[in-house]
Amino acid sequence: MNGYSQYKEKSIYSMSGPELLLLLFDEMIKRLTRAEHALKDKDYDDYEDCLRRVTRIVRYLIDILDMQYPISWDLRRIYDYLIYDLGLVRAGRERRMDEIGRIRHILSELREAFDGASRKVNDTHMVKDKAVRG
């Protein structure tokens, strides 16, 4: 393994859960953009690969949901819809090209929501008043 690969692997292992989740969303958004360009260039192999990877990540997100929380059921429905829509996009190619942007928008909104929630949770554990009393 070369130096860059070792560095990349080490940095991933040192990330927190929320950072890893955001990384997955970033990867899906990047892959959808790449799929869009591949479709315009008629590179169907890369197009299929990108959509397959996005689908695998969404399936992984379903697998890691903790279904004891009500929000997990809502997320599960969103993720199921995304898998369904990705399947339509893969089957329709050029006819469904406009759907890629819509899926990317949904993923971007979810990413921002998770990022905001993560920041809010982290902010609540910080010491607000550092004054010495007594």
Side-chain angles (χ1 to χ4, degrees):
M1 191 180 324
N2 68 23
Y4 176 73
S5 296
Q6 288 175 335
Y7 167 77
K8 190 174 175 182
E9 185 175 328
K10 207 180 261 188
S11 68
I12 289 173
Y13 285 128
S14 66
M15 288 180 166
S16 67
E19 289 172 325
L20 287 170
L21 184 63
L22 295 178
L23 183 68
L24 289 173
F25 277 96
D26 289 341
E27 182 66 20
M28 287 189 290
I29 292 165
K30 181 181 85 174
R31 291 287 174 174
L32 287 173
T33 301
R34 186 170 163 184
E36 218 168 23
H37 292 296
L39 189 57
K40 287 177 187 173
D41 296 340
K42 306 237 185 271
D43 183 356
Y44 298 120
D45 290 335
D46 192 32
Y47 171 78
E48 290 286 331
D49 181 59
C50 288
L51 292 181
R52 185 175 26 256
R53 287 178 188 231
V54 172
T55 303
R56 285 179 60 199
I57 293 171
V58 175
R59 288 188 193 283
Y60 172 74
L61 291 174
I62 289 171
D63 289 343
I64 65 171
L65 281 174
D66 186 350
M67 299 309 286
Q68 72 177 349
Y69 299 103
I71 189 73
S72 297
W73 292 98
D74 295 331
L75 286 170
R76 171 70 191 249
R77 289 192 347 224
I78 293 169
Y79 294 155
D80 285 340
Y81 170 76
L82 288 171
I83 288 173
Y84 171 78
D85 213 21
L86 285 164
L88 292 178
V89 169
R90 282 178 74 184
R93 287 192 182 157
E94 283 91 355
R95 292 178 293 140
R96 306 287 295 193
M97 187 174 169
D98 57 325
E99 294 291 314
I100 296 173
R102 197 171 58 72
I103 294 169
R104 188 174 49 240
H105 177 73
I106 292 169
L107 291 173
S108 295
E109 291 289 320
L110 283 171
R111 185 206 183 281
E112 292 306 313
F114 281 119
D115 187 32
S118 169
R119 289 173 194 254
K120 188 171 184 176
V121 167
N122 287 337
D123 285 347
T124 61
H125 297 300
M126 292 177 62
V127 176
K128 302 276 185 206
D129 187 13
K130 295 182 184 180
V132 177
R133 297 192 179 133

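Only a predicted model underlies this, so the values are computations on that prediction, with no experimental measurement involved. Each residue takes its place number in the sequence, starting with 1.
Rounded to the nearest 0.5 Å, atoms CD (E27) and CG (L20) are 12.5 Å apart. D41 contributes atom CG, which lies 8.5 Å from atom NE2 of H37 (distance to the nearest 0.5 angstrom). Rounding to the nearest 0.5 Å gives a distance of 9.0 Å between CZ of R52 and CZ of R56. In this structure, H105 NE2 and I103 CD1 are separated by 12.5 Å, a value rounded to the nearest 0.5 Å.
Salt-bridge annotation for K40 and E36: absent, with no side-chain N of the basic residue lying under 4.0 Å from a carboxylate O of the acidic one. Between R59 and D63 there is no salt bridge, since no side-chain N of the basic residue sits under 4.0 Å from a carboxylate O of the acidic one.
Although no hydrogens or angles enter the test, the distance criterion places no donor-acceptor pair under 3.5 Å between the side chain of S118 and the main chain of F114.
More than 12 heavy-atom neighbours from other residues, nucleotides or ligands sit within 6.0 angstrom of OH on Y44.
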- Task: I would like to know whether D46 and L39 meet side-chain contact (heavy atoms from CB on, under 4.5 Å); could you show each step before the answer?
- Result: CA-CA 8 Å; D46 192 32; L39 189 57; over 6 Å; no
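A heavy-atom distance below 4.5 Å is not found between the side chains of Y69 and L75. Counting heavy atoms from C-beta outward, I78 and E109 have side chains that stay 4.5 Å or more apart. A 4.5 Å side-chain heavy-atom check between R31 and D49 finds at least one atom pair inside the cut-off.
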Could you pull out every donor-acceptor pair under 3.5 Å between side chains of residues 80-91 and any protein atom, sequence neighbours left out?
from : atom 1 : to   : atom 2 : distance (Å)
D80  : OD1    : R76  : NE     : 3.3
D80  : OD2    : R76  : NE     : 3.2
Y81  : OH     : R102 : NH1    : 3.0
Y81  : OH     : R102 : NH2    : 2.7
D85  : OD2    : R102 : NH2    : 2.6
R90  : NE     : E48  : OE1    : 3.1
R90  : NH2    : E48  : OE1    : 3.1

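For the pair L22 and R111, the tightest heavy-atom approach, listed with the atom from each and the gap, is CD2-O, 3.6 Å. The shortest non-hydrogen separation linking S108 to I29 is OG-CD1, 3.5 Å. Contact between L32 and I100 at its shortest, heavy atoms only, is O-CG2, 3.5 Å. In terms of heavy-atom proximity, F25 sits nearest to L107 at CD2-O, 3.6 Å. For the pair Y47 and A38, the tightest heavy-atom approach, listed with the atom from each and the gap, is N-CB, 3.7 Å.
Clustering ILVMFWY residues whenever any of their side-chain heavy atoms sit less than 4.5 angstrom apart, transitively, puts L23 in a cluster other than the one holding L65.
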